[in-house]
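Per chain, numbering begins at 1; letters A, B, ... match sequence-line order.
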There are 2 protein chains.
Amino acid sequence: MKIGELSKATGASVRSLRYYEQKGLLTASRQASGYREYNQLAIEQVNTIQLYLSLGLSTEQIAGFLHCVMISKEAFCAEVLPVYEKKLAEIDEQLALLTAIRSNLIDRIASIREERMEE
Amino acid sequence: MKIGELSKATGASVRSLRYYEQKGLLTASRQASGYREYNQLAIEQVNTIQLYLSLGLSTEQIAGFLHCVMISKEAFCAEVLPVYEKKLAEIDEQLALLTAIRSNLIDRIASIREERMEE
DNA sequence: ATAAACCCTGACATCAATGTCAGAGTCAAC
DNA sequence: GTTGACTCTGACATTGATGTCAGGGTTTAT
């Protein structure tokens with residue numbers, strides 16, 4: 001399978017597939033022409049990469065456990081849980097910040113509306 | 001007042017004060033030497049800029065109404081409310097995304113813990 | 001054999017406020 | 001008058017997955 005086919009099979013852009021390779025998430029053998037050659041397992045692997053990316057993990061974090069999760073269950077891969085916990089802590093931090101800003105905005109919007117009503 | 005003094009008075013870095021000027025948020029007269037010269041009002045203006053930045057507004061958005069809010073109440077400045085409403089919508093979007101990821105992570109963490117308990 | 005479609009690498013752009021550095025000029029205090 | 005602290009401009013770096021382009025080689029179908 002060439003890179004364009006893998007792209008269509010997974011929805012990942014050709015550019016992204018090359019980037020995953022550069023980051024050590026994906027490997028390909030090479031044809032005599034220099035073209036990348038992928039096997040069927042690559043489809044599942046790319047799907048897995050995109051799943052973890054959608055959780056907000058970095059390619060570096062994913063690289064740390066991708067090999068393990070491709071051959072075992074997540075629970076068996078010691079690297080996964082700490083990464084999840086770290087990400088969860090980051091998200092809780094972001095949620096707290098956004099929630100505070102949200103309250104502030106809502107108050108300010110209400111104040112403006114009230115001041116205008118008084119006229 | 002020179003830029004270092006304004007920096008100390010407001011907590012904004014010298015670099016940031018020059019950036020605000022570049023973005024049209026802050027103006028300064030110049031001494032013969034080329035040094036920027038600020039008046040007392042600049043302190044209040046910088047504090048105001050930083051307040052809006054802390055709400056997540058961009059310098060471009062702030063530039064759109066800063067002059068007005070420095071001389072009037074927010075409610076009098078027509079530009080403010082739409083900017084607040086746009087920002088609020090963006091934040092609600094981000095909150096929805098982060099909340100979804102958070103649920104997903106919590107489920108996955110629980111699954112891993114359960115699978116490990118079974119051994 | 002030619003054209004269209006595909007692939008390669010390398011590089012720059014994105015977003016945006018801020019840090020940091022270099023090289024040079026200015027000011028203040030002693 | 002010298003030294004240290006301050007200021008100036010301009011430029012590059014940060015963050016990170018992805019888009020896009022240029023210039024060139026390959027494959028495939030006609």
Side-chain angles (χ1 to χ4, degrees), chain A residues 1-38 42 45-64 66 83 86-87 90-91 93-94 97-98 101, chain B residues 1-38 42 45-64 66 83 86-87 90-91 93-94 97-98 101:
Chain A
M1 181 172 22
K2 285 186 292 188
I3 198 168
E5 300 171 78
L6 182 58
S7 172
K8 278 179 191 161
T10 60
S13 71
V14 169
R15 176 70 176 84
S16 292
L17 295 175
R18 294 196 187 112
Y19 179 72
Y20 300 159
E21 178 174 318
Q22 187 189 330
K23 292 299 177 182
L25 296 177
L26 193 58
T27 55
S29 54
R30 296 292 181 129
Q31 295 173 340
S33 59
Y35 285 15
R36 289 172 179 80
E37 177 65 31
Y38 298 95
Q45 184 145 340
V46 172
N47 288 336
T48 303
I49 291 168
Q50 299 220 299
L51 167 69
Y52 288 124
L53 284 175
S54 77
L55 288 174
L57 304 187
S58 69
T59 54
E60 189 182 355
Q61 288 174 316
I62 298 169
L66 183 63
V83 169
K86 183 180 174 194
K87 190 70 204 176
E90 288 169 8
I91 286 179
E93 229 177 289
Q94 293 175 52
L97 179 60
L98 286 177
I101 292 176
Chain B
M1 181 172 22
K2 283 187 292 187
I3 197 169
E5 299 170 80
L6 181 57
S7 172
K8 276 179 192 160
T10 60
S13 71
V14 169
R15 176 70 176 85
S16 293
L17 295 176
R18 294 196 186 112
Y19 179 72
Y20 300 157
E21 178 173 318
Q22 186 188 331
K23 291 300 177 181
L25 297 177
L26 193 58
T27 55
S29 54
R30 296 292 180 130
Q31 296 173 338
S33 60
Y35 285 15
R36 289 171 180 80
E37 177 65 30
Y38 298 95
Q45 184 145 341
V46 172
N47 288 337
T48 303
I49 292 167
Q50 299 220 297
L51 167 69
Y52 288 125
L53 284 175
S54 77
L55 288 175
L57 304 187
S58 68
T59 53
E60 190 182 354
Q61 289 174 317
I62 297 169
L66 183 62
V83 169
K86 182 179 174 195
K87 189 71 203 175
E90 288 169 8
I91 285 179
E93 229 178 289
Q94 293 176 51
L97 179 60
L98 286 177
I101 293 177

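D:dG16 atom P lies 10 Å from atom CD of A:Glu90, rounded to whole Å. Put simply, CD1 on A:Ile3 is 14 Å from C1' on D:dT18, counting in whole angstrom units. Following rounding to the nearest Å, A:Gln50 (CD) and D:dG16 (C1') show an atom-to-atom distance of 15 Å. Distance B:Leu26 CG to C:dT18 P: 13 Å, rounded to the nearest Å. The interatomic distance linking B:Glu21 (CD) with D:dG10 (P) rounds to 12 Å, in whole Å. Between A:Arg15 atom CZ and C:dC6 atom C1' the separation is 18 Å, expressed in whole Å. Computed from coordinates, the B:Glu5 CD to C:dT26 P distance equals 19 Å when rounded to whole Å. Distance A:Leu17 CG to C:dC7 P: 10 Å, rounded to the nearest Å.
Within the 4.0 Å cut-off from OP1 or OP2 of D:dT9, at least one side-chain nitrogen or oxygen of B:Arg36 is found. One finds no side-chain N or O of B:Ser13 lying less than 4.0 angstrom from the OP1 or OP2 phosphate oxygen of C:dT18. An OP1 or OP2 oxygen of C:dG25 is reached within less than 4.0 angstrom by no side-chain nitrogen or oxygen of B:Tyr35. The side chain of A:Ser33 contributes no N or O atom lying less than 4.0 Å from OP1 or OP2 of C:dC8. Between A:Thr59 and D:dA17, a side-chain N or O to OP1/OP2 separation shorter than 4.0 Å is present. Applying the 4.0 Å criterion to OP1 and OP2 of C:dT9, one finds that A:Arg30 has a side-chain N or O inside that range.
Remark: A:Arg18 does not engage A:Glu21 in a salt bridge, criterion side-chain N to carboxylate O under 4.0 Å. Using a 4.0 Å cut-off between charged side-chain N and carboxylate O, A:Lys87 and A:Glu90 make a salt bridge.
The line from CG of A:Leu66 to OG1 of A:Thr59 is 11.0 Å long, rounded to the nearest 0.5 Å. With rounding to the nearest 0.5 Å, the separation of CG in A:Leu57 from NZ in A:Lys86 is 10.0 Å.
Nucleic acid contact class of A:Lys2 (heavy atoms, under 4.0 Å, all strands): sugar-phosphate only. Looking at heavy-atom distances under 4.0 Å, A:Arg18 makes contact with a base.
Two residues are said to be in side-chain contact when any heavy atoms from C-beta on lie closer than 4.5 Å; A:Gln31 and A:Lys2 meet this criterion.
Between B:Glu60 and B:Gln31, the residue whose closest nucleotide on DNA chain C is further toward the 5' end is B:Glu60. Residue A:Ser16 is the one, among A:Ala32 and A:Ser16, whose nearest nucleotide of DNA chain D lies closer to the 5' end (criterion: closest heavy atom).
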